[in-house]
Amino acid sequence: MLGCILIRKYHGQIYAGVITETEAYCGPHDLASHACLDGPRGRRASRGRTPRTATMFGPPGHIYIYLIYGMYHCLNIVTEKNNYPAAVLIRAAQVWPPIAIKNFALKKLRFLAPLPNKLTNGPGKLCNFFHIDRSLNTAALSVKNGLWILPRVKPPRRITTAPRVGVDYAGKYRDKPWRYIAVG
DNA sequence: CGCGGGATTGACT
DNA sequence: GTCAATCCCGCGT
């Protein structure tokens, strides 16, 4: 997904950005995942298959959104087949100023200056900018639903990996290099 | 219905 | 790198 273009249609405007940072949450044994079925946390509240995480067990291409710390939303895309919980968290994007829907064409973005990275350099801030909240949870990525992703025009020059953020509790999965950062 | 924890952020060293 | 403010809501009772 790095380098692909995230597009949001909301209140007469188009918001667009190139995805620059992601994290993978991989299956029922990933101790960092909300959907993990293993280990002590699997038996704790809000882990495993619950009403909140049900989306992760659904079909790929759907949108998993949850509220974190009571105030931020996080955008994830479900990536695997039904009943196999996996998703990609979109952590950051390079965005442009919103464009009126009637004027929108991807080519126009080339003539606009990208906005400062500070607006969308974290998953909570990214959702704020794109006006994304839980009303989109379980929806399919689609133009109809106002949120979709276009293939990348060109791949990132380089991709680095790093451990995922904020998952110190995840045991042997804590340091898995499943955070992906586009460089260039 | 009450408790507890968090896939963050911003300020700071 | 560290730290804590913050508060909603999922979950177990």
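In the text below, chain A, chain B and the rest are named by the order of the sequence lines, each starting its count at 1. Just so it is clear, the structure is predicted and the values come from calculations on it, not from any experiment. Heavy-atom basis, side chains included; hydrogens, waters and symmetry copies ignored.
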field: Test item: A:His62 side-chain N/O and A:Thr138 main-chain N/O as donor-acceptor pair under 3.5 Å
entry: yes
query: Cationic tip of A:Arg164 within the cone over A:Tyr173's six-membered ring, i.e. under 6.0 Å and within 45° of the normal?
result: no
query: Side chains of A:Asp38 and A:His29: do they bring a donor and an acceptor to under 3.5 Å?
result: yes
- request: Grab the CG-P distance between A:Leu67 and C:dC7 for me, whole Å please.
  value: 12 Å
message: Looking only at the aromatic ring of each residue, does the gap between the centers of A:His34 and A:Tyr66 stay below 6.0 angstrom?
response: yes
message: Using a 5.5 Å cut-off between ring centres and planes within 30 degrees, is A:Tyr25 stacked on the base of B:dA7?
response: yes
- prompt: Does the side chain of A:Tyr169 get closer than 4.0 angstrom to OP1 or OP2 of B:dA7 through an N or O atom?
  reply: yes
C1' spacing across the pair C:dC9 / C:dT13, given as an integer number of angstrom: 16 Å
- prompt: C:dA5 P sits how many Å from A:Ile68 CD1, rounded?
  reply: 18 Å
task: Specify the separation, in whole Å, of atom NE2 of A:His34 and atom P of C:dC11.
output: 11 Å
Spacing between A:Ile65 atom CD1 and B:dT8 atom C1', to the nearest angstrom: 16 Å
message: Once side-chain contact (heavy atoms from CB on, under 4.5 Å) is applied, do any residues pair with A:Asn103, and if so which ones, sequence neighbours excluded?
response: A:Ile99, A:Ala100, A:Lys108
message: On the nucleotide C:dG10, are OP1 or OP2 found under 4.0 Å from the side-chain N or O atoms that A:Arg134 carries?
response: yes
query: Taking only residues two or more places apart in sequence, or in another chain, which ones meet A:Tyr72 in a ring pair (Phe, Tyr, Trp, His ring centres under 6.0 Å)?
result: none
message: Using Watson-Crick or G-U wobble geometry with both distances under 3.5 Å, which nucleotide pairs with B:dC12?
response: C:dG1
Give me, pair by pair, the N or O atoms of the protein and of nucleotides 9-13 of chain B that are less than 3.5 Å apart, along with how far apart they are.
residue: B:dT9; atom: OP1; partner: A:Gly122; partner atom: O; Å: 3.4
residue: B:dT9; atom: OP1; partner: A:Pro123; partner atom: N; Å: 3.2
residue: B:dT9; atom: OP1; partner: A:Gly124; partner atom: N; Å: 2.5
residue: B:dT9; atom: OP1; partner: A:Lys125; partner atom: N; Å: 2.9
residue: B:dG10; atom: OP2; partner: A:Lys125; partner atom: NZ; Å: 2.9

message: Can you measure A:Leu119 atom CG to B:dT8 atom C1' for me and round it to whole angstrom units?
response: 16 Å
task: Give a yes or no answer on whether the side chain of A:Ser33 reaches the backbone of A:Asp30 with a donor-acceptor pair at less than 3.5 Å.
output: no
task: Name the nucleic acid region contacted by A:Leu89, choosing base, sugar-phosphate or nothing; use a 4.0 angstrom heavy-atom cut-off, strictly under.
output: base
- prompt: Of the nucleotides C:dC9, B:dA7, C:dT6, which one has an atom closest to the side chain of A:Met71?
  reply: C:dT6
- prompt: Which residue, A:Arg49 or A:Tyr69, contacts DNA chain C at a nucleotide closer to its 5' end, judged by nearest heavy atom?
  reply: A:Tyr69
message: Tell me the interatomic distance from A:Arg52, atom CZ, to B:dG5, atom P, rounded to whole angstroms.
response: 14 Å
